[in-house]
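Everything numeric in this text was worked out from a predicted model, so none of it was measured.
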Amino acid sequence: MLSNKPLGFHPLLLPSDTQEFQKTKFGFNFKILTRIWELAVSYIYKDMPTISQFITANERVYWGGFFIIFGSTFFSAFLYTAVISKLLPPSDNAIIFAIQNDRYYCFLVPLTLPVLVVAVYFYWLSMKMFKHA
């Protein structure tokens with residue numbers, strides 16, 4: 001048996017006076033839409049923490065993500081400066097033209113690798129000396 005209730009009937013959403021519902025200009029009541037919006041917002045945001053609560057609860061995840069994004073940004077900028085800009089045609093932009101003609105960053109990483117090897121060796125040597133002292 002079919003009911004006379006409209007589809008999607010919910011007692012909190014329908015006005016108490018159904019004649020008020022029928023008298024509206026467009027055939028529906030804006031109070032109903034406001035109530036639906038309030039219920040949706042309260043349902044969505046009821047358990048959502050604030051930014052400070054999220055950072056406090058997930059501090060390691062927050063800082064890990066921050067450092068990954070920070071490192072990725074600087075790696076991308078360095079990769080463009082050292083490699084990609086040299087492969088592109090000359091630019092009319094003064095900053096990009098200066099980056100394309102710069103020869104410092106092309107040699108920075110290859111010359112940093114021997115220094116890194118020596119630094120790692122000295123770190124290993126100092127840990128051995130500290131351990132066996």
Side-chain angles (χ1 to χ4, degrees):
M1 185 167 161
L2 294 175
S3 170
N4 290 336
K5 296 176 185 174
L7 292 175
F9 171 76
H10 193 278
L12 293 174
L13 299 178
L14 279 179
S16 58
D17 186 8
T18 54
Q19 289 181 355
E20 177 186 343
F21 179 72
Q22 294 171 353
K23 288 181 183 177
T24 57
K25 183 177 181 182
F26 299 107
F28 61 92
N29 194 339
F30 285 105
K31 291 179 185 176
I32 295 172
L33 293 177
T34 305
R35 183 68 180 144
I36 291 171
W37 180 257
E38 289 171 359
L39 287 173
V41 168
S42 67
Y43 178 75
I44 292 170
Y45 293 116
K46 69 179 177 183
D47 294 328
M48 186 175 286
T50 62
I51 295 292
S52 61
Q53 290 171 339
F54 177 76
I55 291 172
T56 303
N58 302 312
E59 189 169 1
R60 294 178 71 188
V61 173
Y62 171 78
W63 283 110
F66 173 77
F67 285 129
I68 286 174
I69 291 171
F70 185 77
S72 299
T73 303
F74 275 95
F75 176 75
S76 301
F78 175 77
L79 186 67
Y80 175 80
T81 303
V83 178
I84 298 172
S85 67
K86 309 301 186 259
L87 303 174
L88 296 175
S91 175
D92 293 335
N93 188 336
I95 295 173
I96 296 175
F97 183 74
I99 289 172
Q100 287 177 334
N101 291 330
D102 187 33
R103 297 291 173 226
Y104 174 75
Y105 288 107
C106 292
F107 301 115
L108 181 66
V109 170
L111 292 176
T112 304
L113 292 176
V115 174
L116 179 67
V117 169
V118 170
V120 168
Y121 172 72
F122 280 134
Y123 174 76
W124 174 81
L125 184 64
S126 66
M127 290 305 292
K128 283 291 184 182
M129 293 176 98
F130 177 77
K131 195 179 204 181
H132 297 292

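- Counting heavy atoms from C-beta outward, T112 and L108 have side chains that approach closer than 4.5 Å.
- Annotation: the span from L116 atom CG to L111 atom CG amounts to 13.0 Å, rounded to 0.5 Å.
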Donor-acceptor pairs under 3.5 angstrom involving side-chain atoms of residues 66-75: please list them, not counting sequence neighbours.
| unit_1 | atom_1 | unit_2 | atom_2 | d |
| --- | --- | --- | --- | --- |
| S72 | OG | I68 | O | 2.7 |
| T73 | OG1 | I69 | O | 2.7 |

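- A donor-acceptor pair under 3.5 Å is absent between the side-chain atoms of K131 and the main chain of S126, judged by distance alone.
- Transitive grouping of hydrophobic side chains (ILVMFWY, heavy atoms separated by less than 4.5 Å) brings Y121 and V118 into a common cluster.
- The CZ atom of F122 sits 10.5 Å away from atom CE of M129, with the distance rounded to the nearest 0.5 Å.
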Would you give me the side-chain donor-acceptor pairs under 3.5 Å for residues 95-103, sequence neighbours excluded?
| unit_1 | atom_1 | unit_2 | atom_2 | d |
| --- | --- | --- | --- | --- |
| Q100 | OE1 | S91 | N | 3.3 |
| Q100 | NE2 | S85 | O | 3.4 |
| Q100 | NE2 | P89 | O | 3.1 |
| N101 | ND2 | F97 | O | 3.3 |
| D102 | OD1 | Y104 | N | 3.4 |

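- Hydrophobic clustering (ILVMFWY, side-chain heavy atoms < 4.5 Å, transitive): L88 and V83 are in one cluster.
- The CD atom of E38 sits 10.5 Å away from the CD1 atom of I36 when rounded to the nearest 0.5 Å.
- Taken from OH in Y62 to CD in E59, the straight-line distance is 9.5 Å, to the nearest 0.5 Å.
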